[in-house]
Every structure is written in structure tokens, then in C-alpha cells.
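Here, residue 1 is the first one in the sequence, and each next residue gets the next number.
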Amino acid sequence: MSEQIAGRSGFTPAYLDRVGSSFTDFLGATAPDLLPGRRPVPAVPMGEMAPHGTTIVAATFDGGVLMGGDRRATMGNLISSRDIEKVYAADSWSVIGIAGAAGIAIEMVRLYQVELEHYEKIEGMTLSLDGKANRLAAMIRGNLGAAMQGLAVVPLFAGYDLDAAEGTSPGRIFSYDVTGGNYEERGYASVGSGSLFARSSLKKTWRPGLSADAATRSLVEALYDAADDDSATGGPDSVRRLYPILYRIDAEGAARLPDAEVAEIAASITADRSAGSANREA
């Protein structure tokens with residue numbers, strides 16, 4: 001297309017030529033300053049000055065996968081937010097949970113959502129689950145400079161594999177490191193400051209073939225245990241009515257669980273532990 005025709009339409013050739021299905025590549029060619037990894041990196045570590053998201057957990061169940069996250073963000077030794085959202089639907093069949101520098105992570109999630117939608121519109125089909133995981137790895141790799149200055153983003157990704165072979169679990173989980181390394185997890189996974197405690201909890205409560213309800217309780221209990229030992233992880237807060245955000249992804253797609261359902265599970269866990277404490281004292 002000629003510059004003259006492009007000029008009359010009000011768009012430059014980059015907007016009108018079909019150069020690929022990656023929105024990130026398109027943005028890198030037309031407005032690279034809008035990409036999180038292309039911005040100037042501060043000369044000194046900035047990690048303590050930015051709010052950080054904390055604990056994200058995920059687990060498979062018979063027919064899909066679940067992901068959950070607490071609601072607390074910290075800045076150094078202070079609580080910067082009590083009601084941040086850390087788990088988002090990436091598209092109809094996948095979810096992403098964020099840990100690390102909250103501002104950069106949320107921006108990366110929004111760009112990733114557009115990336116998947118752009119691919120679907122250009123190609124006329126949904127990107128495979130492995131393709132989605134690899135696209136996210138490339139975006140994390142682009143943030144490596146900021147990560148070296150304390151502004152790391154380390155998400156957890158999970159989805160329902162529409163191309164899963166018969167007899168295999170369609171629910172899959174992927175974890176990452178700050179360099180963009182992509183690792184598929186088996187059964188369950190956790191990231192963030194409380195991940196050690198959450199993983200220990202999941203190790204005791206998760207098992208292959210769990211029902212969706214049992215796996216949901218297992219995730220809420222893992223976040224409860226993480227909050228019990230990690231000051232940066234927020235537990236269920238019945239006073240402010242703040243509860244972990246949980247997403248379930250199965251053959252029907254990705255759906256956020258109602259707060260009332262999560263609150264009921266959290267209340268059941270609290271009641272069971274209170275009863276256990278009372279029995280020990282007796």
C-alpha cells in the first residue's frame with residue numbers, strides 16, 4: 001500500500017499491512033516505548049519502592065484446573081493494598097496469576113490479554129495452550145532488565161488444553177523464572193513469598209483425581225496456611241469481606257468463583273481448626 005493511500009486513510013502502513021499475528025511484535029514496531037520491557041531501567045534497585053503481589057497457587061482436578069491468589073500487596077514492611085486482584089482470565093480457556101512488582105505485572109497481564117485476542121482475530125483460531133505459555137515466556141524475558149533492578153514479574157499460568165490427548169488431564173499449569181524460563185508443573189504449583197508454605201500445604205491435601213470442590217478447598221487451605229506463616233500473604237478477612245480470588249477452568253471455560261462460595265469454604269476451614277484447637281486444650 002502506498003504512503004499516499006495510507007495517508008488518506010489516516011493510518012501509517014504499519015497499521016494496515018498484515019505483518020503477523022503477534023500484537024507485541026506490532027507494538028514493538030510502532031510504539032516500542034509502550035512495552036514494559038522497553039522502558040528505561042532505573043540505575044538503582046527500586047524493588048522496595050513498588051508494591052509487590054505475593055502468593056499464587058494452582059492445582060489440577062478431575063476435568064480441569066484451578067488457580068487462586070490472596071489479596072494483599074506489600075511495599076517493604078508495609079501493607080500497600082488489602083484488596084488487590086492477582087488472578088485474571090487471560091482468555092476463555094486460561095488464567096494468569098501475578099507475583100512480583102504489581103504495577104508492571106498488571107500491565108503485562110493486560111498486554112497479554114490483548115496479545116491472545118489479537119492472535120485469534122488475525123488467525124481466526126485460538127492459540128494452543130503451549131503457544132500461550134510460550135508467548136507469556138517471551139514477555140517475561142523482555143522485562144529482564146527491570147527484574148535485575150528488583151522489579152521482577154513471576155506469574156503462574158494455567159489453562160484447559162483443548163487438544164489434550166485422550167486419557168490425559170486437560171488441566172495444565174506452567175511456572176516461570178525471571179529470565180522467561182517456562183516449566184510445566186504436575187498436579188499443583190505456587191509462586192510468591194508464601195509459596196513455600198502453600199506448596200507444603202498442597203503436598204498434604206492434593207492428590208490425583210480430586211473433584212473440583214475438593215481441589216477448591218485444597219487451594220483455599222493452602223492460602224490460609226501461607227498467610228499463617230508469611231506476613232506478606234493476606235488470609236481470608238471476614239471483617240472486610242475480602243477473600244482469595246479463585247478461577248476454575250474446565251470444559252465450560254474459565255469462570256471466577258463467587259466470593260460467597262470462597263467465604264463459605266474459608267469459614268469451614270476456620271471452624272474445623274478452631275474445633276481442633278478446642279479439643280487439644282480439653
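- A distance of 16.0 Å separates CD in Glu221 from CH2 in Trp206, rounded to the nearest 0.5 Å.
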Let me see the working for Tyr88 and Arg110 under side-chain contact (heavy atoms from CB on, under 4.5 Å), right down to the final yes or no. CA-CA 9 Å; Tyr88 302 85; Arg110 290 172 179 167; over 6 Å; no

Could you walk me through whether Met67 and Arg248 pass side-chain contact (heavy atoms from CB on, under 4.5 Å), step by step? CA-CA 7 Å; Met67 183 178 290; Arg248 180 181 298 160; over 6 Å; no

Using side-chain contact (heavy atoms from CB on, under 4.5 Å), reason through Phe61 and Asp250 one step at a time and then give a plain yes or no. CA-CA 9 Å; Phe61 63 89; Asp250 54 21; 4.2 Å; yes

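- The backbone N or O of Ala266 sits less than 3.5 Å from a side-chain atom of Thr270, completing a donor-acceptor pair.
- Distance alone, capped at 3.5 Å, places no donor-acceptor pair between the Arg256 side chain and the Tyr247 backbone.
- Scanning both residues, Val57 and Ala222, for their nearest heavy atoms gives CG1-CB, 4.4 Å.
- Linking Ile, Leu, Val, Met, Phe, Trp and Tyr residues whenever their side-chain heavy atoms come within less than 4.5 Å leaves Leu223 and Ile84 in two separate clusters.
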Begin from the C-alpha positions of Leu219 and Tyr188 and carry the test side-chain contact (heavy atoms from CB on, under 4.5 Å) through to its verdict. CA-CA 9 Å; Leu219 280 195; Tyr188 57 86; over 6 Å; no

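- Rounding to the nearest 0.5 Å gives a distance of 7.5 Å between CD1 of Ile104 and CE of Met108.
- Residues Leu202 and Ala189 approach most closely at CD1-O, 4.1 Å, considering heavy atoms.
- No donor-acceptor distance shorter than 3.5 angstrom exists from the side chain of Ser268 to the backbone of Glu264, with no hydrogens or angles considered.
- Atoms CD1 and CD1, from Ile106 and Ile98 in turn, are 4.5 Å apart once rounded to the nearest 0.5 Å.
- Ser238 has its side chain within reach of Tyr243: a pair of non-hydrogen atoms, C-beta onward, lies under 4.5 Å apart.
- Between Phe157 and Tyr112, the ring planes lie perpendicular to each other; the angle is over 60°, past the 30° to 60° tilted range.
- For the atom pair CG (Asp259) and CG (Leu246), the distance works out to 10.0 Å, reported to the nearest 0.5 Å.
- Following chains of ILVMFWY side-chain contacts shorter than 4.5 Å, one cannot reach Phe174 starting from Val65, and the two form parts of different hydrophobic clusters.
- Here the rule is side-chain hydrogen bond (donor to acceptor under 3.5 Å, both in side chains) with Thr54, and of Asp70, Thr74, Asp230 only Asp70 fits it.
- The hydrophobic clustering, which links ILVMFWY residues whose side-chain heavy atoms are closer than 4.5 Å, places Ile96 and Val114 together.
- Counting non-hydrogen atoms of other residues, nucleotides and ligands closer than 6.0 Å to CD of Glu252 gives a total of 12 or fewer.
- One hydrophobic cluster, built from ILVMFWY side chains closer than 4.5 Å, holds both Ile269 and Leu66.
- One side chain, Asp177 or Thr179, offers a donor N or O that lies under 3.5 Å from an acceptor on the other.
- The heavy-atom pair separating Ala232 from Ser193 by the smallest distance is CB-OG, 3.4 Å.
- For the pairing with Lys121, the side-chain hydrogen bond (donor to acceptor under 3.5 Å, both in side chains) check across His118, Glu123, Glu117 returns one residue only, Glu117.
- When all heavy atoms of Arg135 and Tyr119 are compared, the closest pair comes out as NH2-CD1, 3.7 Å.
- Under 4.0 Å is where a charged nitrogen must lie from a carboxylate oxygen, and between Lys132 and Asp91 at least one such pair does.
- Nearest approach of Thr205 to Ser218, heavy atoms of both residues: OG1-OG, 2.6 Å.
- Judged purely by atom type and a 3.5 angstrom limit, Lys86 has no side-chain atom pairing as donor or acceptor with the backbone of Pro244.
- No option in Asp228, Asp225, Asp229 other than Asp225 meets the side-chain hydrogen bond (donor to acceptor under 3.5 Å, both in side chains) test with Ser201.
- Note on Val191 and Ile173: same hydrophobic cluster, where clusters join Ile, Leu, Val, Met, Phe, Trp and Tyr whose side-chain heavy atoms are under 4.5 Å apart, directly or indirectly.
- Here the shortest heavy-atom pairing between Ser175 and Glu185 reads OG-OE2, 2.5 Å.
- Here the OG atom belonging to Ser231 is positioned 7.5 Å from the CZ atom belonging to Arg72, to the nearest 0.5 angstrom.
- Within the 4.5 Å cutoff, the side chain of Ser94 has no heavy atoms near those of the Ile249 side chain.
- Here Leu156 contributes atom CG and Thr55 contributes atom OG1; the two are 11.5 Å apart, rounded to the nearest 0.5 Å.
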